[in-house]
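Presented below is the structure to which this report refers.
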Amino acid sequence: MFNLRMKNDLSFFIGFRYLRRSRDEKFISFISALSIAAMALGVSTLVIVLSIMNGFDREIKNRLLQIIPHISAEHTSGIAIQEINELKSQLIRDENTIKVDPMVNSNGLIYKNDLQLGVSIQGTEKDWNSFSILANHMIAGNIDLLTAESYQIVLGSQIARQMNLFIGDEVSLALSSIIRSPFGPIPQIKRFEVAGIFEVGAQVDGNVVFVNQTDIRRLLRMDSSFQGLHIYLEDPIASTEKFFTNIEENYPDLRWTSWQSEMTALFKAMKMEKIAVTLLLSVIIAIASFNIIASLVLSVNEKRQEIAVLRTMGATSDLIIKVFVIQGTLGSFFGIILGLFVGIICSVFITELVQLVEYIFDMQVFDPNIYLISSFPSQIVFSDIILITFGTVLVTILATIFPARAAGMVLPAEALRYGE
């Protein structure tokens with residue numbers, strides 16, 4: 001059996017070397033070079049684009065998590081401040097929990113003249129974590145004006161632009177709570193003065209406003225209770241699921257939500273966009289596979305006599321198929337390796353490459369004043385590299401099957417009789 005295996009391996013090697021020889025392969029070599037170049041281009045483009053999309057995904061998540069609470073716990077009947085302090089002392093024992101704030105928020109409508117916009121109203125206080133986080137993102141005004149009974153408001157930058165609001169302007173805020181009156185139920189409305197404008201560079205800039213927690217609780221008629229509590233984690237991206245697993249069992253009377261569930265629509269849209277872009281860019285790899293088919297078909301037609309000679313010497317049809325499959329995949333492997341190398345290098349130095357393009361063509365790819373980024377975000381994800389590699393290898397192998405089977409079906413007598 002060992003001698004038979006050595007004989008088969010030797011026959012395969014001789015057949016491979018013999019079929020590599022050809023009388024004139026310039027045109028076939030040109031087609032093969034095109035397929036390698038197209039494969040490298042497709043792989044490198046996929047790696048670069050997916051890395052940039054991963055970078056933007058990371059950037060958006062980081063910016064969102066700088067301003068929104070990572071975990072929220074809500075009680076239907078409200079929670080007194082004493083209970084919140086007790087929960088805070090218990091939760092803070094978790095090494096991943098850094099801050100716990102009382103929660104008071106509401107949905108509402110902000111309007112001025114004919115302009116109106118639905119917003120999420122968040123209550124805050126000077127000694128709360130949300131207040132210190134918000135202070136780091138102020139671009140205009142003074143957040144310290146958010147004191148009790150001041151009825152001052154801090155807006156996101158997109159809200160200020162859409163509503164044409166500036167510091168010191170008055171704006172009306174309609175809350176979701178209803179007031180009973182002789183004329184029927186009417187919404188709770190209060191005028192606020194714009195004390196400041198914040199900017200994170202994410203979705204919250206267009207739908208979140210902050211007021212003092214005492215003012216919002218008074219408007220919602222909550223007395224001394226709060227709706228729940230907000231929890232801020234050290235590493236919310238990595239540890240949110242683990243935190244949920246431990247906390248829900250210990251506090252079943254509270255309704256727990258995470259930043260992931262709050263932003264489900266946004267993250268699903270980003271995921272679908274990534275899938276769509278991947279499928280569109282995969283067309284380049286599909287075109288490269290067609291080039292592989294073309295070069296192998298030409299190679300089979302060119303080498304019909306060599307195939308016939310090998311068949312008459314005892315080479316089986318399976319051996320011929322294996323030779324052409326390997327011949328087709330070898331070139332593609334070079335293209336895949338080259339594409340991965342170029343794609344990873346460009347992804348790592350994408351910021352420098354963009355700066356070089358801007359310098360050469362005297363243009364600005366992304367205006368920081370509009371897109372709120374000073375550098376091109378990029379993040380190489382190992383799972384994406386593995387998926388691209390295995391997907392491309394699979395497409396390459398499938399592309400070689402038809403020409404290889406055609407080579408294995410060449411009849412020696414006919415090929416030698418007509419001197420093809």
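It should be emphasised that the depicted structure is a prediction, and the values quoted were computed from it without experimental measurement.
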D144: partners by salt bridge (Lys or Arg N to Asp or Glu O under 4.0 Å), with sequence neighbours left out:
none
Could you walk me through whether L281 and T45 pass side-chain contact (heavy atoms from CB on, under 4.5 Å), step by step?
CA-CA 7 Å; L281 292 178; T45 303; 3.9 Å; yes
Between [X] and [Y], what is the shortest heavy-atom contact and its length?
X: I216; Y: V104; answer: CG2-CG2, 3.5 Å
X: I380; Y: S51; answer: CG1-OG, 3.7 Å
X: T400; Y: I397; answer: OG1-O, 2.7 Å

Side chains of Q213 and E125: do they bring a donor and an acceptor to under 3.5 Å?
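Yes, a side-chain donor-acceptor pair sits under 3.5 Å.
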What I'd like to find out is whether the side chain of F192 reaches to under 4.5 Å of the side chain of E170, using heavy atoms alone.
no
What I'd like to find out is whether the side chain of V194 reaches to under 4.5 Å of the side chain of L155, using heavy atoms alone.
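They are in side-chain contact.
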Rounded to the nearest 0.5 Å, what's the gap from NZ on K99 to CD on E234? Could you check?
12.0 Å
So among T389, I345, L46, T392, which one has a side-chain contact (heavy atoms from CB on, under 4.5 Å) with L340?
T389
Name the residue from I153, V208, I110 that meets the side-chain contact (heavy atoms from CB on, under 4.5 Å) definition with V119.
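Only one option passes, and that is I110.
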Applying side-chain contact (heavy atoms from CB on, under 4.5 Å) to M163 and D169, what does each step give before you reach the verdict?
CA-CA 11 Å; M163 302 289 295; D169 289 351; over 6 Å; no
Considering only distance and modelled atom types, tabulate donor-acceptor pairs under 3.5 Å from the side chains of residues 130-139, sequence neighbours left out.
unit_1	atom_1	unit_2	atom_2	d
S130	OG	T124	OG1	2.9
S132	OG	N129	O	2.8
N136	ND2	S132	O	3.3
H137	ND1	I133	O	3.0
H137	NE2	Q66	OE1	2.8

Side-chain donor-acceptor distances from residues 265-275 under 3.5 Å, at least two apart:
unit_1	atom_1	unit_2	atom_2	d
K274	NZ	N54	OD1	2.8
K274	NZ	D384	OD2	3.2

Does [X], at its [atom1] atom, have more than 12 non-hydrogen atoms belonging to other residues, nucleotides or ligands within less than 6.0 Å?
X: K61; atom1: NZ; value: yes
X: K112; atom1: NZ; value: yes
X: R255; atom1: CZ; value: no

Can you name the residues that form a side-chain hydrogen bond (donor to acceptor under 3.5 Å, both in side chains) with S120, not counting sequence neighbours?
Q122
I350 vs I52, side-chain contact (heavy atoms from CB on, under 4.5 Å): CA-CA, chis, key distance, verdict
CA-CA 9 Å; I350 188 67; I52 292 174; 4.2 Å; yes
Report the residues that fulfil ring pair (Phe, Tyr, Trp, His ring centres under 6.0 Å) with H230, sequence neighbours left out, ordered by chain and then residue number.
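Listed in chain order: nothing, the list is empty.
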For F226, enumerate each residue passing the ring pair (Phe, Tyr, Trp, His ring centres under 6.0 Å) test, keeping only those at least two apart in sequence or located in another chain.
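Ring pair (Phe, Tyr, Trp, His ring centres under 6.0 Å) list for F226, sorted by chain: empty.
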Please report the C-alpha distance between I71 and L233 in whole Å, then the side-chain angles of each, then the deciding distance to 0.1 Å, and finally whether the side-chain contact (heavy atoms from CB on, under 4.5 Å) criterion is met.
CA-CA 8 Å; I71 305 289; L233 305 177; 4.1 Å; yes
